[in-house]
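Let me begin by presenting the structure, written as structure tokens, before commenting on it.
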Amino acid sequence: MALINEHFLRLPESYLFSDIAKKINVFKVTHPKAEIIRLGIGDVTQPLPGVVIEALHKAVDEMGFQETFRGYGPEQGYRFLIDAIIKNDYENRGISLDPDEVFVSDGAKSDTGNIGDILRHDNTVAVTDPVYPVYVDSNVMGVRGGDLLMDGHWSNIVYIPCTAENNFIPEIPEKRFDMLYLCYPNNPTGTVLSREELKKWVDYAIKYDVLILFDAAYEAYIQEEDIPHSIYEIKGAKTVAIEFRSFSKTAGFTGLRCGYTVVPKALKGFTLNGQKVALNRLWNRRQSTKFNGTAYIVQRAAEAVYSQEGKVQVKKIIDGYMENAKILREGLKACGFQVFGGVNAPYVWMKTPRGMSSWNFFEQLLYEVNIVGTPGIGFGPSGEGYLRLTAFGKKEDTIEAIERIRVWRV
Ligand code: PLP
């Protein structure tokens, strides 16, 4: 008899985006002619850059000839891509990495979700709240969640609220913890941490042996000068942090699938009797056992992102999304809403008016102006009273959304 991991049963049945889809479907039945603008799910809408398409075609052709065909590749990724990553994403910022500290994967969701494999089940996990749900749910599956409480918190997880009241800057909690997820630029709030604020967390982690899991999936959206792109820009971070990156939002790879994770060799975990072990060794073992590498053609496509032409094309796409973010941010502000984020991230986090709940405001926007956002409560208890809008929509839709809200608010 196979016993199941019953912690899966502790997770609430429905997932945020399926709840949203259900509500939209109900609305569509009663309002078949309404033209809905979707600024909810954080998926990109622009097609892949030309250099990526060219690289894909070329790599596909290679697969058709005996001399250039590739079978299984290295589980950790091909050197051509790892070298391009190190040179462009790290050395350009004064960070040196060895090739075997970078692990290419099929995206940051897998890596942030799987990293728990190499960590004990009884570590205490801390997350900023609101939070990208994968961090919490994967730890519930990994037996680190405890019980789901009535207020939406998991009993064994330490929540660090990030709200307008603390300017979305997480404060070090009193409760101790062993692992901390940080995501900057942040999904869902669209806010960032300054160098000093990030340094505060790295220093804390060094002092108390905390492992930081730093998700930099939106790094490419940083516009302001002094915002760190990598946690390794902070002194000592290589001894406490794993960094996750993704080509999804950087270069439109949400459907193509490629990301990478940096596990520095200086980063150590502990056995129960206090022996230090390099997490790099464990992650390498985990990947070699459970992952068979990202497709060659996809890695060639990712490599193309770093070409001179690739950088120009990618920047153009990101600039377009950031223009949307500006339209949303400024448009909503002009309508009297309190708005956060959207300066260094493709997400705008708005406060619901008159203390409305996230779901009530979601429905009001859907029914009155036919715009879909994401209720903040879906990202954690501190997201209540907020709604997330994404800048990944088409520009004309973004403009139209703001125009509808403007007319509605008059
Ligand atoms: N991390 C964060 C914070 C995200 O918002 C997302 C996607 O929305 C991911 C990771 C997933 O990225 P990927 O497409 O590389 O799996």
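Here the structure is a predicted model, which means the values were calculated and not measured. Order of appearance sets the numbers: ligands from 1, and atoms from 1 within every ligand.
- Every residue was checked against the salt bridge (Lys or Arg N to Asp or Glu O under 4.0 Å) condition with Lys109, not counting sequence neighbours, and none meets it.
- More than 12 non-hydrogen atoms from other residues, nucleotides or ligands lie less than 6.0 angstrom from CZ of Phe17.
- For the ring-ring contact (aromatic ring centres under 6.0 Å, His included) test, no residue two or more places apart in sequence or in another chain qualifies with Tyr90.
- Considering CD1 of Ile327 and CD of Glu403, their distance stands at 12.0 Å, rounded to 0.5 Å.
- Note on residues 35-59: pairs passing side-chain hydrogen bond (donor to acceptor under 3.5 Å, both in side chains), not counting sequence neighbours, are Asp43-Thr254.
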As a test of reading the model: which N/O atoms of the protein lie under 3.5 Å from N/O atoms of ligand 1, and at what distance?
from	atom 1	to	atom 2	distance (Å)
ligand 1	1 (N)	Asp215	OD2	2.6
ligand 1	5 (O)	Asn187	ND2	2.7
ligand 1	5 (O)	Tyr218	OH	2.6
ligand 1	8 (O)	Tyr218	OH	3.3
ligand 1	8 (O)	Lys249	NZ	2.8
ligand 1	14 (O)	Ser248	OG	2.5
ligand 1	14 (O)	Arg257	NH1	2.9
ligand 1	14 (O)	Arg257	NH2	3.4
ligand 1	15 (O)	Ala108	N	2.7
ligand 1	15 (O)	Ser246	OG	2.6
ligand 1	15 (O)	Ser248	OG	3.3
ligand 1	16 (O)	Ala108	N	3.3
ligand 1	16 (O)	Lys109	N	2.8
ligand 1	16 (O)	Arg257	NH2	2.7

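- Taking a cutoff of 4.0 Å between a charged side-chain nitrogen and a carboxylate oxygen, Lys290 and Asp117 qualify as a salt bridge.
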